[in-house]
Amino acid sequence: MGGAEATSLRFFGMAQAPPYDPQEIEARWQERWLSEGTYEVDNADPRPPYYVLCMYPYPSGPAHMGHVRNYTFGDLIVRYRTMNGYGVLSPIGFDSFGLPAENAALKSGEHPRTFTDARIEELRSSLIRLGAVYDWRRQVRSHDPDYMRWTQWIFLRFLERGLAYRASAPVNWCPGCPTVLANEQVLADGTCERSGDVVEKRDLEQWFFRITEYAQQLLDDLDGLDWPERVVTMQRNWIGRSEGAEFEMRFCDADGSPEAQGRSLRVFTTRPDTSFGMTYAVLAPEHPLVDEVTAPEQREAVAAFVRRARETSEIDRLSSEGSLATRGVFTGAYVLNPFTQAPVPVWLADYVLMGYGTGAIMAVPGEDQRDWDFARAHDLPIIRTVEPPPGWEGEAYTGDGPATNSEWLDGLEVAAAKAKAIAWLEENDLGSRTVNFRLRDWLLSRQRFWGCPIPVVYCESCGMQPVADSDLPVLAPDDVEFLPTGESPLLDHAGFLHTTCPACGGVARRETDTMDTFVDSSWYFLRFCDPWSETAPVSTSGASRWMPVDQYIGGVEHAILHLMYARFFTKALADLGVIEPDLREPFQRLFTQGMIRLGGEKMSKSKGNLVAPEAYLDTVGADSLRLFHLFVGPPDDDVDWDDHGIEGCSRFLQRLWRAGTDQVGTVSDREPTRDDLSVEAATHRLIRRVTDEFDRWSYNTAVAACMEFTNDLYRYLQGDAGGRRDTVDFAVDSLLLVLAPMVPHVTAELWERRHGAENHLHAQRWPEADADRLVEETVTLVVQVRGKVRDRFEVPPDISEADAVALALASDKVQTHLDGEPKRVIARPPRLVNVVP
RNA sequence: GCGGGAGUAGCCGAACUGGUACAGGCGCCCGACUUAAAAUCGGGUACCCCUCGGGGUAUGUGGGUUCGAAUCCCACCUCCCGCACCA
């Protein structure tokens, strides 16, 4: 057979073609990509830039399946874009500060640094074994002194600009951790997202970033981002913008005579149009005026209520929902409703939060359900100021409608009434239009050791002083003892604690709080652009070259915290002049991949249902593991881990290997036959299809297309005529090229065997389908009668409408369903004719 | 409660702008190869009826629009995710 001869020339005989050995192949190619620096890219690279970034991982040891999924998608894009001619920036680093290392230190006494470094090495080697390629020269780790220096430098610039400040605040204290948490780290039920302990409120001096200064921008700039809708929605809700008015109400006695001191209460409302319906006012229990204005006879009841509100955890406050009678107390004070000049009683209630608006509200039970419930529980009057629709049987009415019981607002619809009420407040100098945000400032200080120290000192005479830039980084000492005291070991370390004041040289004490690890992850993507910069966190030119990240990939669990903080940092650094002023957003495109489940449950360490990737790397290999993650379902869907599925992927790669080493059927040289040409057309269609699927992130169907193509190729090769040499080469080479980003090792190996060692698959250009050769010889024309399929014909793709209709009407099967002449015929040649009798 | 998303075979899923419902994989069945098994290769695989030509029913449920609906519209059910006293 001619085919056997041709084969023997290239592969030293079919019998000698080696079996597929993933471990051997993968180790060798991984070594080569590293040693040749295949995916290193310089800032002066002449190719058009493209920045692909996976969220840098917390190093918890060897990679888990979530990492594998994440980094498989990232690596695919890096390789695909590279084959498309881009100079792709693909950096990686480690989010290496954090609680687990410190907890491990408490248990074993091992220093968090040595612990962390060991975990990083484990994770790093898993990433390499997965075949993920990076420019390792650019690696950053949060705990590197060089990185810390710039984290602290940024903090000091924020401090100078007033974007970082210190304030005493009731903060979320987790007794389990034990540290302060950001609002975002407290779950809805009032427990700590990490330890699950019930979070307490404590008053402490803490550091904050003034993220609220950027609230409006953070909201507005969401519009220009190519992000999943749900992430945008989550951010929008988190920022929680609401428009309304603030105004003052003077304290008075029960008859409405203004009090002598002239004190007043400021309230925020989104419904100034309902002001005529105010029947009481409410202060948050923590409101500063509570003590002052409480009447003597109510003092005891109020004090008891305030005490309980402070002591009651969030969780209990929620569980007491419904029993509103116990959730409020009358202060004995009154304020004047400026709209009516009528006095209304001032109550305390825990459903009013000090942290939002002014911590005080006007209560309008007619148009607010909570106020309605409270009024009912405490026997307070209810006045409707918006006419509910006829037949309204609900309680508070929050919809649109004409104002009523509202004097000069009567008859106006809600929007118009709001505008008029606000105008009136402003004219009379009683209040003004206001915008409120739900977003709070970012509490960043943590009472932990294993984090980036906050670079300030407290001088006995000068007060708080920033550490000089030239003294950065402030590093935690190594010789510390980890004791389960619940306090940072820094508090007991004299050498760290005692220092001199940078301003006066006098005695000073160092800040012992460290920064939330979200600070580290808020700018690492910038450092990657120029990790060599010695004068700034990133050079302006480096950032300009690569930023914004073209494709950011990570888990949806970071939809709010990390992504909001990173956006804030980018805007602030742009305003500080560190990066270009018009670089307002860090991540142009975001993709959030689904999580891996096992038996319907989220795979996680705490559930103890982790499936370790290592076992698969040791058996079926990295390529099979990658292929499984791509194939198992849409990338943004959660997926179930399935051992059988990965076997299917492994089987496919075995088939690919046999086809790629000419172990399937027979191959010969000949003039192309119809079948040969049809395989070539199918090859062009494969290229087109995979390209399309890649561009729309439909990797599972891209894999399916390759499998389908391979199945067809097998049938062709094993057919009586065998395969034609050039046709088979084109088919196999094309298949290897389109599979290269997905299964980089086995394809590179096969390519080298077919084309020689100097011919690197991953240096090839992405193939292009020839538009003229995509067409199939025949297509199936479906003939329907009233929308039901009755017959099929194989027709040329360029069949005319008239021919298609004639063919359809000539069909016996169609005629039996027709009663005489058809009423109507809809033709969509060459695929469909629908006959309507 | 508010916001977002999803319900297609035994399972995971395809079907991109309304046009052959179910590509691909898993599982299962049959066959080839084998002394045998594994591996491999080929074929089959929604349900019901059937005179074996076919016919009917199927995309969570019920309506609607259309020549034609998984796809568009209305109502409802179920599940997942986020927020949740935000005035």
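Quick note on labels: first sequence line is chain A, next is B, and so on, each numbered from 1.
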Between [options], spot the one nearest the side chain of [X], thanks.
| X | options | value |
| --- | --- | --- |
| A:Val352 | B:G82, B:A87, B:C41 | B:A87 |
| A:Arg824 | B:G25, B:A87, B:C67 | B:C67 |
| A:Ala704 | B:A87, B:C16, B:A23 | B:A23 |
| A:Trp238 | B:C26, B:C83, B:A87 | B:C83 |
| A:Thr780 | B:G24, B:U20, B:G4 | B:U20 |
| A:Asp637 | B:G13, B:G42, B:C67 | B:G13 |
| A:Asn700 | B:G25, B:A14, B:C83 | B:A14 |
| A:Met707 | B:G24, B:A87, B:C67 | B:G24 |
| A:Arg651 | B:A15, B:G27, B:G55 | B:G27 |
| A:Arg438 | B:A21, B:C83, B:A87 | B:C83 |

Between [N] atom [atom2] and [X] atom [atom1], what is the distance in whole Å?
| X | N | atom1 | atom2 | result |
| --- | --- | --- | --- | --- |
| A:Tyr699 | B:A23 | OH | C1' | 20 Å |
| A:Arg685 | B:G24 | CZ | C1' | 16 Å |
| A:Leu656 | B:U40 | CG | P | 15 Å |
| A:Ile560 | B:G3 | CD1 | P | 17 Å |

Say we look at [N] and [M]: how far apart would their [atom1] atoms be, to the nearest angstrom?
| N | M | atom1 | result |
| --- | --- | --- | --- |
| B:A46 | B:U40 | P | 24 Å |
| B:A39 | B:C47 | C1' | 35 Å |
| B:A23 | B:G10 | P | 14 Å |
| B:U61 | B:U78 | P | 15 Å |
| B:A38 | B:G55 | C1' | 44 Å |
| B:A70 | B:G64 | P | 15 Å |
| B:G25 | B:A9 | C1' | 13 Å |
| B:C28 | B:U35 | P | 26 Å |

* **side-chain contact (heavy atoms from CB on, under 4.5 Å) partner of A:Ile239, chosen from A:Arg438, A:Met564, A:Gln216** => A:Met564
According to the Watson-Crick and G-U wobble definitions, with both distances under 3.5 Å, which nucleotide is paired to [N]?
| N | value |
| --- | --- |
| B:G1 | B:C83 |
| B:G54 | B:C49 |
| B:G24 | B:C12 |
| B:A38 | none |
| B:C72 | B:G64 |
| B:G7 | B:C77 |

Would you tell me if any nitrogen or oxygen in the side chain of [X] comes within less than 4.0 Å of OP1 or OP2 on [N]?
| X | N | result |
| --- | --- | --- |
| A:Arg828 | B:G18 | no |
| A:Lys788 | B:U57 | yes |
| A:Arg655 | B:G24 | no |
| A:Arg688 | B:C16 | no |
| A:Arg786 | B:U66 | no |
| A:Arg689 | B:C16 | no |
| A:Asn834 | B:U66 | no |
| A:Gln784 | B:C67 | no |

State, with a plain yes or no, whether a side-chain heavy atom of [X] is found less than 4.5 Å away from one of [Y].
| X | Y | result |
| --- | --- | --- |
| A:Arg655 | A:Val664 | no |
| A:Tyr616 | A:Phe628 | no |
| A:Trp641 | A:Val632 | no |

Tell me what [X] touches on the nucleic acid: a base, only sugar-phosphate, or nothing, going by heavy atoms under 4.0 Å.
| X | answer |
| --- | --- |
| A:Ser242 | sugar-phosphate |
| A:Asp692 | nothing |
| A:Arg236 | nothing |
| A:Val782 | base |
| A:Arg241 | nothing |
| A:Gly648 | sugar-phosphate |
| A:Glu229 | nothing |
| A:Tyr714 | sugar-phosphate |

Would you compute the distance between atom [atom1] of [X] and atom [atom2] of [Y] and round it to the nearest 0.5 angstrom?
| X | Y | atom1 | atom2 | answer |
| --- | --- | --- | --- | --- |
| A:Leu717 | A:Thr666 | CG | OG1 | 7.5 Å |
| A:Thr701 | A:Phe694 | OG1 | CZ | 9.5 Å |
| A:Asp791 | A:Asp812 | CG | CG | 8.5 Å |

Pairs under 3.5 angstrom, nitrogen or oxygen only, protein versus nucleotides 7-12 of chain B, please.
| residue | atom | partner | partner atom | Å |
| --- | --- | --- | --- | --- |
| B:C12 | O2' | A:Val632 | O | 3.0 |

* Asked: Hey, is the side chain of A:Asn237 pairing donor to acceptor with the base of B:C83 inside 3.5 Å?
  ->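 Absent.
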* Please lay out, stage by stage, how A:Arg597 and A:Asp637 fare under the test salt bridge (charged side-chain N to carboxylate O under 4.0 Å, His left out). => CA-CA 11 Å; A:Arg597 290 175 315 215; A:Asp637 279 9; over 6 Å; no
* To do: For residues A:Tyr699 and A:Trp697, establish whether the separation of their ring centroids is below 6.0 Å.
  => yes
* Select from A:Pro634 and A:Val789 the residue whose nearest nucleotide in RNA chain B is closer to the 5' end of that strand. =>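 Checking each residue's closest nucleotide, the 5'-ward one belongs to A:Pro634.
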* **5' precedence on RNA chain B between A:Gln654 and A:Arg790 (nearest-nucleotide basis)** => A:Gln654
* To do: Verify, without hydrogens or angle tests, whether A:Arg327 (side chain) and A:Ala349 (backbone) share a donor-acceptor contact under 3.5 angstrom.
  => no
* Asked: When you measure from the side chain of A:Tyr280 to the backbone N and O of A:Asp371, does any donor-acceptor pair fall under 3.5 Å?
  ->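 Such a contact is found between A:Tyr280 side chain and A:Asp371 backbone.
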* Does A:Asp712 come within less than 4.0 Å of A:Arg715, counting only side-chain N to carboxylate O? ->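 Yes, A:Asp712 and A:Arg715 are salt-bridged.
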